[in-house]
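Report on the structure given below.
All ligand and atom numbering here is 1-based and tracks the order in the structure.
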Amino acid sequence: MRLVAVSKTFAGGAVREAAQAGLRDFGENYVTEGVEKIRELRGLGLIWHYVGPIQSNKTRLIAEHFDWVHSIDREKIAARLSQARGAEQTELQVCIQVNVSGESSKGGAAPEGIVSLARKVAGLPRMKLRGLMAIPEPTSDERLQRRRFAELRALRDELNRDGLALDTLSMGMSADMEAAIAEGATMVRVGTAIFGERTS
Ligand SMILES: *Cc1c(COP(=O)(O)O)cnc(C)c1O
C-alpha cells in the first residue's frame, strides 16, 4: 500500500517536512503550482503524482515534470501526454480515472467505455498504464463508499481478464480511506489528514 500525500495549496516547506518524516510520494492537482514545487524540491528524490483535471494545453508541462498521472479520462489527453513525454525520461506511469458514481459534474471516463479506452492507452509509447483511479461522491455512508470502491476493483479485474496487467487501484482520500483500503486500494491519496485543512 502506497501513501500519496496530496500537498496542493501547501507550500514547498510543508512538503519538505513531510519528506523528512519519511514520505516519498506527493500529489498535486493544479499544474503550475505543482511544477513550481517540483522545481523547488528537485534533488530530494520525491515522486510526483498529478491527480487533477487535465486541460489539453497543460499536457506538456505535466508530461515533462510528473512521474505519475492518475486522472486520464480520454484518449486525446493520453495521446498528448504520450507525445510530450521525453524519450530520455522514464515511462510516464498512468491511471485512468473512472466516474464510478455517475455524477455529471465529475471528471472521469464512464465505466461503459473503459475497456476500449484502456486498450488504447495501454498501446501508447512512453507511458505505462498501471491501473484505475476514482473519486466517488462524498458520503458518510460507509456501505456506499465500499460499493463504489468495489465497482472500481471489479472494473480493474475485468480489464485484467481482457489481457491487461494492471496492479494499481488509486482510491481513498482522508474521509474514505478505510473503506478504500478494505476494498483493495493499492494507493490512497491523502491531503487533509496529513497537512491539515486547506484554506484556499
Ligand atoms: C485534494 C485531493 C485529494 C486529497 O483529499 P483530502 O480529502 O484532503 O484527503 C485526493 N485526490 C484528489 C484527486 C484530490 O484533488
Side-chain angles (χ1 to χ4, degrees), residues 1-15 17-19 21 23-38 46-55 58-59 61-62 65-74 77-78 81 92-111 114 129-142 144-146 148-149 151-153 155-156 168-200:
M1 205 353 215
R2 202 156 155 181
L3 172 61
V4 177
V6 180
S7 46
K8 66 185 180 208
T9 78
F10 290 94
V15 174
E17 266 184 58
L23 292 175
R24 278 292 163 272
D25 290 276
F26 291 89
E28 290 288 333
N29 82 337
Y30 307 107
V31 179
T32 17
E33 179 196 336
V35 168
E36 269 175 34
K37 275 177 240 180
I38 293 171
L46 305 180
I47 300 167
W48 290 94
H49 301 249
Y50 186 74
V51 301
I54 308 176
Q55 293 167 299
K58 292 284 171 23
T59 47
L61 268 179
I62 294 172
H65 292 89
F66 284 86
D67 304 291
W68 280 73
V69 176
H70 293 228
S71 41
I72 286 178
D73 61 1
R74 53 200 195 277
I77 291 295
L81 288 168
L92 185 62
Q93 308 294 301
V94 305
C95 294
I96 293 175
Q97 181 178 351
V98 186
N99 184 354
V100 284
S101 40
E103 295 162 282
S104 55
S105 61
K106 272 281 165 64
I114 288 302
L129 180 60
R130 296 291 298 272
L132 302 178
M133 182 273 244
I135 311 171
E137 72 270 59
T139 171
S140 53
D141 177 349
E142 211 174 306
L144 180 58
Q145 292 176 357
R146 289 201 48 168
R148 296 303 188 212
F149 294 135
E151 283 164 17
L152 193 71
R153 177 164 41 90
L155 279 174
R156 192 268 319 260
T168 300
L169 283 174
S170 167
M171 56 190 200
M173 319 201 312
S174 296
D176 56 12
M177 62 179 146
E178 283 88 1
I181 291 165
E183 293 297 342
T186 66
M187 278 191 185
V188 288
R189 308 175 313 273
V190 180
T192 311
I194 294 173
F195 295 104
E197 295 287 342
R198 287 179 291 275
T199 49
S200 44

Atoms of ligand 1 close to Thr192 [distance to a heavy atom under 4.0 angstrom, numbered from 1]
6 (P), 7 (O), 8 (O), 9 (O)

Heavy atoms of Phe195 and Ala5 approach each other most closely as CE1-CB, 3.9 Å

Atoms in ligand 1 with a heavy atom of Val51 nearer than 4.0 Å:
12 (C), 13 (C)

Looking only at side chains, do Thr186 and Arg2 share a donor and an acceptor under 3.5 Å apart?
no

Atom 11 (N) of ligand 1 - nearest protein heavy atom and its distance:
Arg189 NE, 2.9 Å

Could you see which bit of Asn29 sits under 4.0 Å from ligand 1, with heavy atoms only: side chain, backbone, both or neither?
side chain

Could you list which atoms of ligand 1 come closer than 4.0 Å to a heavy atom of Val190?
9 (O)

So, Glu33 side chain and Thr9 main chain: donor-acceptor pair closer than 3.5 Å or not?
yes

In the protein, which heavy atom is nearest to atom 9 (O) of ligand 1, and how far is it?
Ser174 OG, 2.5 Å

Verify whether one side chain among Asp25 and His49 offers a donor that lies under 3.5 Å from an acceptor in the other.
yes

Sub-4.0 Å heavy-atom contact, Arg198 with ligand 1
yes

Shortest non-hydrogen pair, Asn29 vs Gly52, comes out as CB-CA, 3.3 Å

Would you check if there is a donor-acceptor pair between the side chains of Thr139 and Glu137 at a distance under 3.5 Å?
no

Applying a 4.0 Å heavy-atom criterion (strictly less than), which segment of His70 is in contact with ligand 1: side chain, backbone, both, or neither?
neither

Looking at Arg153 and Glu183, is any side-chain nitrogen of the basic one under 4.0 Å from a carboxylate oxygen of the acidic one?
yes

Candidate with minimal heavy-atom separation from atom 14 (C) of ligand 1, of His49, Met173, Lys8
Lys8

So the atoms of ligand 1 within less than 4.0 Å of a heavy atom of Ile135 turn out to be 13 (C)

